[in-house]
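Structure first, commentary second.
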Amino acid sequence: MSTPKPRVLILGGGFGGMYAALEFERALERGANLDVTLVNHDNFFLFTPMLHEVAASDLDITNIVSPIRKLLRRVSFFHGDIEAIDLEHHRVGVSHGHENHCHALSYDHLVLALGSTTNFFNIPGLADRAFTMKSLSDAIVLRNHLIANLEEADFECGTSQRTGLLNFVVAGGGFAGVETIAAMNDFLREAVRFFPHLRENMLRIMLVSSGPVILPELGEKLGTYAQRKLAEQQIEIHSNCKVTAVKDQDVTLSDGTMITTNTLVWTAGISPHALLNTLPCEKTKGRVLVNEYLEVPGWPGVWALGDCAMVPDLKTGAFHPPTAQHALREGQVAAQNILATVRQGWKRPFVYSTIGLLAPIGKRTGVANILGVNFSGFIAWWLWRTIYLLKLPRFEKKVLVALDWTLDVLFSKDLVHFRTTRSLSSPPATKP
């Protein structure tokens, strides 16, 4: 009688979950005796570092996503939602389809790679009014909204509301906020010339940062440089400032400023996935506490990584930051350690130091720190594009993105407003 294959269940298809699945894919190709399944809400892997370029019409909508079924041929894929996790009975409840068919998936090894959700910090009105930048649909919705605002503001009947339509606020001075506002600024200032009743000086684009300098991860020198460059691009920066309330079309800041706008992009906080609250394992700041092998203590066969895990840094005694470059390597190590456990081999601890941090800040300018060396200006922007193009999965997508970037140099940005609603009315009958 044959021994059943060990069952591995990966929850989440972000950087951590996907790179764990890809590591298993390679192992299965070499003959590993496992049954591996990846569960994800979307049927694609989203390359989030380029998300702001979709929002700013620099890249086509589908060029930064890769269908999971094209990436994984030996690892099974379940396209659906995770409803519940039962660690005691080694089961995960999932649902899928238009009618939410429910299933229970059993496992021998469980990889928690659920990522994170947006944290609105209970600020009044914020969750109802703010745009976020975590998913492909977020980028598409924001892009459509920017174009719709320009279209409405261009008409005479929109003159009285023009201020609210042409004021744009991004909250968050980290990578997501800075990259988003820089891309928005480039897009809006280029697009406004196609609207006869609008002028560039009508635009007011603001970044709200809680710290004294933006991009604190890159250090004060590069943060100050980025702040100066954004100011030169006519972006208004409110430092040491926070959003305190959002009501109707008024955004109130902690420095007393009140801005009339229907565009507030929130990138200022994340929270661990809500399902983690239901798990009986030990947590720190809402994230699952793991050991150096990415195992969850007290729960054999359970592993966690990425945004939903607190991974100890053996070099510093602190914890690894929840960045994409850490998550993808955590995914690879978790998969290797599961394989070692199944084969009764040696596990290896997760040891990694940040190689570099890069950010585009508009007008083909960027900032970067690679292996401790600072870069700024055009060369940093070029490094950002080169490095992330190389990291983008699948050769097909690399070609499409490179082509989009080339065409962006030659032609102006696309202003097509995509309508996502389905028309339910039938066209009028025509006379013969």
Side-chain angles (χ1 to χ4, degrees), residues 48-53 55-56 58 116 118-119 121 132-134 168-189 204-244 251 253-255 257 259 264-270 307 313 316 318-326 353-388:
T48 51
M50 293 180 179
L51 193 59
H52 63 276
E53 297 213 329
D58 291 321
S116 58
T118 301
N119 188 346
F121 298 103
T132 55
M133 277 292 286
K134 287 189 67 66
F168 304 89
V169 181
V170 175
F175 284 95
V178 171
E179 291 172 347
T180 299
I181 200 165
M184 285 173 55
N185 189 60
D186 283 356
F187 173 70
L188 290 166
R189 295 193 185 281
R204 188 183 179 194
I205 302 171
M206 289 157 281
L207 176 65
V208 180
S209 175
S210 61
V213 179
I214 61 175
L215 298 174
E217 301 91 341
L218 284 169
E220 185 176 352
K221 185 176 180 180
L222 284 180
T224 302
Y225 171 86
Q227 200 155 306
R228 185 175 74 251
K229 285 296 180 182
L230 292 182
E232 290 174 2
Q233 296 169 32
Q234 302 176 62
I235 294 174
E236 184 180 323
I237 299 175
H238 291 251
S239 301
N240 291 314
C241 190
K242 297 180 180 179
V243 173
T244 56
V251 176
L253 306 183
S254 58
D255 63 2
T257 304
I259 305 151
L264 170 61
V265 184
W266 181 258
T267 67
I270 61 172
D307 285 358
D313 187 337
T316 65
F319 294 98
H320 287 285
T323 65
Q325 62 180 293
H326 283 78
S353 297
T354 301
I355 295 175
L357 297 169
L358 308 94
I361 56 174
K363 300 295 182 185
R364 296 188 174 88
T365 302
V367 286
N369 180 284
I370 301 175
L371 297 174
V373 180
N374 286 345
F375 298 88
S376 60
F378 177 82
I379 188 171
W381 172 82
W382 179 84
L383 283 169
W384 182 90
R385 284 204 161 181
T386 302
I387 291 171
Y388 281 110

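Below, each value reflects all heavy atoms present in this structure, side chains not excepted, and no hydrogens, waters or symmetry copies.
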Let me see the working for Ile181 and Phe168 under side chain to side chain contact (heavy atoms under 4.5 Å, CB included), right down to the final yes or no. CA-CA 9 Å; Ile181 200 165; Phe168 304 89; over 6 Å; no
Is there side-chain contact between Arg364 and Arg385, with heavy atoms separated by less than 4.5 Å? no
How long is the straight-line distance from CZ of Phe375 back to CH2 of Trp382, given to the nearest 0.5 Å? 10.5 Å
Run Ile387 and Ile370 through side chain to side chain contact (heavy atoms under 4.5 Å, CB included) and show every step you take. CA-CA 11 Å; Ile387 291 171; Ile370 301 175; 3.9 Å; yes
When you compare the side chain of Thr365 with that of Tyr225, does any pair of heavy atoms fall below 4.5 Å? yes
If I take atom CG from residue Leu222 and atom CG from residue Asn369, how far apart are they, to the nearest 0.5 angstrom? 6.5 Å
Taking all non-hydrogen atoms of both residues into account, name the closest pair between Ser116 and Asp307 and its distance. OG-OD2, 2.9 Å
Counting N and O atoms only, with roles assigned by atom type, does the side chain of Asp186 sit under 3.5 Å from a partner on the main chain of Lys363, one being a donor and the other an acceptor? yes
Value rounded to 0.5 Å, distance of NZ in Lys229 from CD in Gln233: 8.0 Å
Scanning both residues in full, the closest heavy-atom pair of Pro360 with Trp381 reads CB-CD1, 4.2 Å
Is any side-chain heavy atom of Ser239 closer than 4.5 Å to a side-chain heavy atom of Pro212? no
Minimum-distance pair of heavy atoms, taken over all atoms of Ala380 and Leu358: O-CD2, 4.4 Å
d(Ile361 CD1, Ile214 CD1) to nearest 0.5 Å is 7.0 Å
Where is the tightest heavy-atom contact between Val213 and Pro216, given as atom of each residue plus distance? O-CD, 4.0 Å
From Glu236 CD over to Ile259 CD1, what is the distance, rounded to the nearest 0.5 angstrom? 7.0 Å
Inter-residue atom distance Thr267.OG1 - Glu179.CD, 0.5 Å rounding: 10.0 Å
Look at the side chain of Gln325 and the backbone N and O of Ile355, then say whether any donor-acceptor pair between them is shorter than 3.5 Å. yes
Check whether any side-chain heavy atom of Met184 sits under 4.5 Å from a side-chain heavy atom of Val265, and report yes or no. yes
List the atom of Val367, the atom of Ala226, and the distance in Å for their closest heavy-atom pair. CG1-CB, 4.2 Å
I'd like to know whether CD of Glu232 has more than 12 heavy-atom contacts from other residues, nucleotides or ligands below 6.0 angstrom. yes
Which heavy atom of Cys241 sits nearest a heavy atom of Leu253, and at what distance? SG-CB, 3.6 Å
Any donor-acceptor N/O pair, Thr132 side chain to Lys134 backbone, under 3.5 Å: no
Thr354 vs Thr323 side-chain heavy atoms within contact, under 4.5 Å: no
Any heavy-atom pair between the side chains of Met133 and Val170 that's under 4.5 Å? no
Given side chains that start at C-beta, do those of Glu217 and Pro321 come closer than 4.5 Å, heavy atoms only? no
What orientation do Trp266 and Phe121 show, parallel under 30°, tilted 30 to 60°, or perpendicular over 60°? perpendicular
